[in-house]
Amino acid sequence: MEPGRNSFFALNLETCGYHQDTASDPIILSSPNPHIILSSHHSVLQTNIILLCVSLISFYKPCPMQLEDIQHLTDTAVADIAAAADETALEAARVRYLGRKGKLPDIMAALKTAAPEQRPQYGQAANQFKTRVGEALDARKSALAATATPANALDVTRPGDLPPLGSIHPIRQIIGRVTEIFDRIGFTVATGPDIDSVFNNFDALNTPADHPSRDPQDTFYLEDGSLLRCHTSPVQVRHMLKHPPPVRIIAPGRAYRRDTPDATHSANFHQVEGLYVDKKVSMADLKSDLTYFAGEVLGPGAKARFRPHFFPFTEPSVEVDFTCHVCKGKGCRVCKNSGWIEIAGAGMVDPNVFQAVNYDPDAVTGYAFGMGLERIAMILLEIDDIRRLYDNDVRFLRQFA
Amino acid sequence: MLIPLSWLKDYIELHEDVDALRELLTFSGLEVEAVETHGSDFEQIVVAEITAISPHPNADKLTLCTIEDGSGVPQTVVCGAPNVRVGMKTIFAPVGVTLPNGLTLKKAKIRGVESLGMLCAEDELGLSKAHDGIMDLAADLSPGTPAVDVLGGPEIVFDLEVTPNRPDCLSVIGVARELAAITGRELKLPETPLREGRESTADRAKVRIDDPEACPRYTARVLTGAHVGPSPDWMQKRLRLCGIRPINNLVDITNYVMLETGQPLHAFDQSLLHGDTVIVRRAAEGEVMQTLDDKPRKLSAEHLVIADAGRAVAVAGVMGGADSEIRDNTTTVLLESAAFQSSRVRATAKSLGMHTDSSYRFARGCDMNNVEWVSRRAASLMQQHAGATPLKGVVDVWPGERSPVQVSCRWKKITDLIGVDIPVDTMRGYFHRLGLKDVESSDEGCTLEIPSFRDDLRREVDLIEEIARLNGLDKIPARDPIGRIVPTANDRPTRRLMNLWSRVAAMGFNEIMNYSLTAPESLNALDPNAAARQEHLPNPISQDQAVLRTSLIPQMAETLARNYARQNHELSLFEIGTIFLKAETGVEEQTRIAFGQLGPVHRPALDKQRPVSDTEAFYGLKGVVETFLKSEGVHEVTFIPLEDKSFAPGQAADILLGKTHLGRIGLLARELREDWKIHEPVALAEIILDVLPKRKTPVMKPVPTMPATARDTALILDRAVTHAEILACIQKAAPYELEDVQLFDVFEGKKLGENRKSMAYRFTYRNPKKTLTDKAVEKFHGKIEARLMQDLGAEIVGRG
């Protein structure tokens, strides 16, 4: 036995006076009478030592318990039971207090030897001891049961059986976002074929006969003279030929140019085209709608600004910049310190286009705009090379799930 | 289009800083793509004279130059330039200086000899990109003169993007004129003083235009007594800033005036021309001439040339000929300033592959009215800087002189289209600033005379753009958007697709996007049936993208393989895209969806190691396809075996809805996947979305309340009997009460015997109105079993 324990026994066996073990052993407290009160901590070993200790004490024929000793013992027992670490410790505690060799017989003995006039009080104290200890045992038992680890417990930290993580292609996500935003202000989605006529792609859009974009160096022609549309604008023409004004459409789709593929060019790419024709549509309508779009796609406060430009199918024509979404217009690497990023080409539909689709240019006006979706995806998602969008590496695609 | 700021300031007062000018130009429509700074203050850098030259002891290509830099102390510099000579005045940068190109000079030994600085070429001084030799300055400069006095201070050059509608801005004066219009300031044109000789130009030169459509105006001037030499430094410097290499005074002046005015010029050595008549004609078919760049050019009747009595001497508006160019001994110059039809020049430049500063400007259009003034300006400079005397007058042939264009506009139309209220007087002011003259003006509108340099202004809407621009696009307000419902477009198909994307992604598939164009070999290997329906592009960029895809499957397989090669071993991909099938007339487009699967992607975490079997791969993807089709409202599809080279034999099926072909599914042929080093099954499927029936809104059917009774039966039958045949057989004997039949086990093994298999089915019987008795179910089930035995030779081996 370790020295601390020896001294503890010595102390407890020698004296009935109140003291606390000074050998810095927190396990056992002695009481002012010869009964050793246990305020046990946790291990079974400790409990056994204590029991041994208790049995040793019984050789010393202690003097009977006083009333206050019973009350004190009750409090201590309740605290002791509440601290039982597991079922074994709890059972040991039950034996210690209610068992045949436990505290209860001492109390009953004290009741017997008590002066007759004190007996009712002793009786009451003994009942209280039984009730409170019993309750404490029940409470601790259910508390321990509640925290127990059942045999069929699951390791909840193990990985789940993940269903594979699906994803929508970044371009498709941008198409979805753009159409959803314009949908909200009354645009319907229109589509057209990838293969279209020279009339729809160029002539009706006021493209001069010797415009460079018509060159087979720049545009893919098919053997029958049709072509792979070089922008989504032919959808405008198709739609207006079919429907009298007003029209309000958004047309996402694939377009083709004979560009040698590099980090920013691809033989096919995606655009979204917007067209609104009605009586008295103005540049202010164009700016208002694109500003709304800018705010929706880039966050509140984003603005659109116009720079004069030239396109054959619109007059006046503008290029549209949006507030840089990264620096909010302060200037950063993404916007090359300008605070703005170029997003769209736009303008008021050229009267020659209206004539080509049999609209009266004096009766209606309209705006049109077009945006490159790869470009928007690259800016918003910080994609460094357009070819990644067509390379389809799942490690890339899953990032945008 | 490079415009040096200092040059611009010759014609207009500009006190704005560079950033403000950049904004001003950009927001008027001349987008500043870049601002370049050339040169610097050249601190400590001075003019030096080379006083002696000796060879470098350790290097053949280096020399040791002794220089005098004004300090009186001779210094030695190691120099590698080929053009060093004794007495040469050049630029010296001593040790310690940081050059404009960023290089800091340190005291250093070059091949063992110490150099105290550097003699500089233009690129090192940030003047241009030239590095052919060190700078060779005027001989009269004294050593020690600060370099900034000779080279000038830093130069700002704007790189402008000039849109095709504004050829008038392809010159320094043009940009100055535009800035004058924007700011309301005055444009100052250069003086063109001429002291003409007594002899008349008309006596020395005649002009004949054979094709007045292609050449509406041609002027010629003759200058005599020219001395060919270097042009003044300031002119050379400006040319360099604009990216043009100086040659000699006469040639430099034609280039300088072209940059200044936008009108290309050409100078001939008149002594080298045969006869005195300049002829503007079409080239003869097969006519050959040597152009200035010393290349022989074979011409055709499509090309317009300038010719003398015997031969073509210039490709009109594109490039002069080598044998009539200005030479060192040239004294008599014939100066051409002409207008050529833009489309003719564009076509000529393209067919000959000659894109020059001249053809670029003519192709966009030049100001016909300005041709004579520009000639005068060049002649004036030749008189000042080459000592030439212009003969009296100019030969000016202008057969089709045209009256000025007039355009009308309505004030209200302008403000309505722009969406901003602009006072009428303000609008009038803008027009006047642009050089448009009132022919008529009222409260309603006005008619304006358009100056010849603004040929792009033809219609009311063109004038509206001018007002919008000058008034400022930033004045256009952005309000809250006003929605307007115009339900003209039928977007149901698109919406159905949008829905579909999310649904398939939710099934754990990653959407891919492939190019519409692909390699014919790839299509032929993986879509063998469509070989006849491929549309080949007549002008592909490369063989990799030479044909329009006829199916999504080939690229799907390639994408799986590419990912697999990158160690992405669990793949579930889909693509929705357009495919193209050549038809009798034109090309038919179809929207399809393709699925591709590889690896144990849908397995639980602890079951990934086991190899994927053909059965698992095929039925796994088949299930996906079936669920996908069900979610599209398509339930009654049939799968029939398909033999297709791209799929493994006996492991592919056509998917049919009634008689409509919906698509195909299968495991990729083993040879094909082994080529890609894929040693496990690759499942592929494709569905034609266009042929899926329109979705019907479902109508509720009663949910059964009566209990169902189940019976299991295991059959042993021939391996060749299919599930579909078994179902068909069951169908024949099925009572109304048979609700469902589910296959729940398949077993093949030796103990069943050769070519035998066991299949177990669960039959569910229910009468929606009453509880079925065991006896009734027994009767139904017995009938079905009997039928299976009788029709399919099935052996009933277990029931329950």
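Here is how names work: the chains are called A, B, and so on, in the same order as the sequence lines, proteins then strands, and each is numbered from 1.
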Output yes when a side-chain donor or acceptor of [X] lies under 3.5 Å from a complementary backbone atom of [Y], and no otherwise.
X: N510(B); Y: I168(A); answer: no
X: K287(A); Y: I476(B); answer: yes
X: D224(A); Y: T585(B); answer: no
X: E535(B); Y: L222(A); answer: no
X: Q545(B); Y: A267(A); answer: no
X: R305(A); Y: D474(B); answer: no

Q) Just how far is it from atom CZ of R172(A) to atom CE of M498(B), taken to the nearest 0.5 Å? A) 8.0 Å

Is it the side chain or the backbone of [X] that comes within 4.5 Å of chain A heavy atoms, both, or neither?
X: T26(B); result: both
X: R410(B); result: side chain
X: S343(B); result: both
X: D462(B); result: both
X: L606(B); result: both

Minimal non-hydrogen separation, [X] against [Y], with atom names:
X: Y221(A); Y: P538(B); result: O-CD, 2.9 Å
X: D161(A); Y: A605(B); result: OD1-N, 2.7 Å
X: M283(A); Y: A468(B); result: SD-CB, 4.3 Å

Q) Taking side chain as C-beta onward, heavy atoms only, is F220(A) less than 4.5 Å from L517(B)? A) yes

Q) With side chains defined as the heavy atoms from C-beta onward, is the minimum distance between I482(B) and S288(A) less than 4.5 Å? A) no

Does atom [atom1] of [X] have more than 12 heavy-atom neighbours, drawn from other residues, nucleotides or ligands, at distances under 6.0 Å?
X: K413(B); atom1: NZ; value: yes
X: K242(A); atom1: NZ; value: no
X: K279(A); atom1: NZ; value: no

(Q) Out of the candidates L417(B), L473(B), I467(B), only one should pair with P316(A) under the side-chain contact (heavy atoms from CB on, under 4.5 Å) rule; please name it. (A) L417(B)

Q. Is the Y390(A) ring parallel, tilted or perpendicular to the Y515(B) ring (thresholds 30°, 60°)?
A. parallel

Name the option with the most non-hydrogen atom pairs under 4.5 Å to chain B; the candidates are [options].
options: I171(A), T260(A), T191(A), L162(A); result: I171(A)
options: A401(A), P159(A), P164(A); result: P164(A)
options: S226(A), G225(A), P351(A); result: P351(A)

Could you tell me if [Y] and [X] have a donor-acceptor pair between their side chains, going purely by distance under 3.5 Å?
X: D491(B); Y: T188(A); value: no
X: N392(A); Y: N514(B); value: yes
X: R254(A); Y: S516(B); value: yes

Q: Test T163(B) against F311(A) for side-chain contact (heavy atoms from CB on, under 4.5 Å), laying out the working first.
A: CA-CA 9 Å; T163(B) 51; F311(A) 302 109; over 6 Å; no

Q. Are K582(B) and E223(A) close enough, and set up right, to give a side-chain contact (heavy atoms from CB on, under 4.5 Å), and what steps lead you there?
A. CA-CA 11 Å; K582(B) 197 179 201 161; E223(A) 259 150 28; 4.2 Å; yes

Should the pair [X]-[Y] be classified as a salt bridge under the 4.0 Å nitrogen-to-oxygen rule?
X: R459(B); Y: D350(A); answer: yes
X: R484(B); Y: D285(A); answer: no
X: D393(A); Y: R562(B); answer: no
X: D391(A); Y: R566(B); answer: yes

Sort [X] into side chain, backbone, both or neither according to what part of it lies under 4.5 angstrom from a heavy atom of chain B.
X: I195(A); value: both
X: T291(A); value: side chain
X: P193(A); value: both
X: D321(A); value: neither
X: L228(A); value: side chain
X: T219(A); value: backbone

(Q) Just so I understand: if I count every heavy-atom pair under 4.5 Å between each of L30(B), N165(B), D480(B) and chain A, which residue has the most? (A) N165(B)

Q | Option in R166(B), H536(B), R346(B), R469(B) with maximal non-hydrogen atom pairs under 4.5 Å from chain A | A | R346(B)

